[in-house]
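The structure appears below as structure tokens.
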Amino acid sequence: MADAHLKQRGYIWAIAAGLNAALAAISAKFFSSLVIKYGLVVICNVVMWACYVNSLRALSSLQATVTNFAANFLSSGLAGLFLFQEALSFRWFAGALSITIGVLILSKSSVDKKVSSD
């Protein structure tokens with residue numbers, strides 16, 4: 001039970017990392033003041049790395065990285081669509097669905113540690 005709770009928290013941290021990475025990109029496009037733009041990019045990236053490191057404490061590096069990437073990809077694409085009126089093709093949505101399915105498969109798989117006997 002505690003292991004499942006820890007893993008769930010790891011996914012929350014990985015998703016938070018991806019969202020902060022997307023927020024860094026959004027703030028770079030959204031604000032015109034260079035001080036605000038670069039300040040928010042730095043802050044979002046620092047928070048992103050902190051969240052990512054916390055996710056690595058609970059998940060394998062593969063699970064944390066793929067979940068982080070998926071959250072960043074999906075939130076960046078949707079932000080482009082809704083905030084900047086960027087067109088998203090059917091291929092983008094097909095890719096997003098494939099990434100989401102891949103993350104779900106990885107989240108259900110168990111990553112066993114390799115034990116070597118010398």
Side-chain angles (χ1 to χ4, degrees):
M1 181 83 167
D3 187 46
H5 181 66
L6 181 65
K7 196 169 187 177
Q8 181 182 22
R9 287 180 59 130
Y11 282 111
I12 291 169
W13 282 116
I15 291 168
L19 292 175
N20 275 286
L23 282 175
I26 292 166
S27 64
K29 285 178 124 179
F30 202 68
F31 294 99
S32 59
S33 168
L34 288 179
V35 173
I36 293 173
K37 181 186 291 193
Y38 289 119
L40 286 173
V41 167
V42 169
I43 289 169
C44 289
N45 277 304
V46 168
V47 173
M48 183 271 301
W49 278 107
C51 292
Y52 182 68
V53 167
N54 281 326
S55 73
L56 287 172
R57 292 183 180 147
L59 302 172
S60 71
S61 59
L62 175 66
Q63 291 169 323
T65 301
V66 170
T67 304
N68 179 359
F69 167 75
N72 184 359
F73 179 80
L74 294 170
S75 56
S76 294
L78 293 175
L81 176 68
F82 292 115
L83 295 177
F84 304 109
Q85 287 74 45
E86 295 174 356
L88 297 178
S89 67
F90 175 76
R91 280 180 133 175
W92 186 91
F93 285 102
L97 179 62
S98 298
I99 289 169
T100 304
I101 290 169
V103 169
L104 290 173
I105 290 170
L106 279 174
S107 71
K108 299 300 178 191
S109 69
S110 62
V111 179
D112 296 326
K113 293 183 179 179
K114 191 175 184 179
V115 178
S116 62
S117 59
D118 294 320

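Side-chain atoms are counted along with the backbone in the values below, which use heavy atoms only and exclude waters and symmetry mates.
Atom CG of Leu62 is separated from atom OG1 of Thr67 by 8.5 Å, given to the nearest 0.5 angstrom. One distance of note links OG1 of Thr65 with OH of Tyr52; it measures 2.5 Å at 0.5 Å rounding. One finds the CG atom of Asn45 at 10.5 Å from the CG atom of Leu23 (value rounded to the nearest 0.5 Å). Of the inter-residue distances, the one linking Thr100 atom OG1 with Leu104 atom CG reads 7.0 Å to the nearest 0.5 angstrom. Between Leu74 atom CG and Phe93 atom CZ the span is 10.0 Å, to the nearest 0.5 Å. Interatomic distance, Gln8 CD to Ser107 OG, rounded to the nearest 0.5 Å: 11.0 Å.
Applying the salt bridge (Lys or Arg N to Asp or Glu O under 4.0 Å) rule to Lys29 yields the partners Glu86; only residues at least two apart in sequence or on another chain are considered.
Side-chain contact between Trp13 and Leu59: absent, with no pair of heavy atoms (C-beta onward) separated by less than 4.5 Å.
Aromatic ring orientation, Phe73 versus Trp92: parallel (interplanar angle below 30°, classes split at 30° and 60°).
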Would Arg9 and Asn54 count as a side chain to side chain contact (heavy atoms under 4.5 Å, CB included) if you check the C-alpha gap in whole Å, the side-chain angles of each, and the deciding distance to 0.1 Å?
-> CA-CA 9 Å; Arg9 287 180 59 130; Asn54 281 326; over 6 Å; no
Going through the checks in order, is the side chain to side chain contact (heavy atoms under 4.5 Å, CB included) test met by Cys51 and Asn20?
-> CA-CA 9 Å; Cys51 292; Asn20 275 286; 4.3 Å; yes
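Around CZ of Phe84, the count of heavy atoms belonging to other residues, nucleotides or ligands within 6.0 Å exceeds 12.
Hydrophobic cluster membership is shared by Ile26 and Ile36, with clusters built from Ile, Leu, Val, Met, Phe, Trp and Tyr side chains linked at under 4.5 angstrom.
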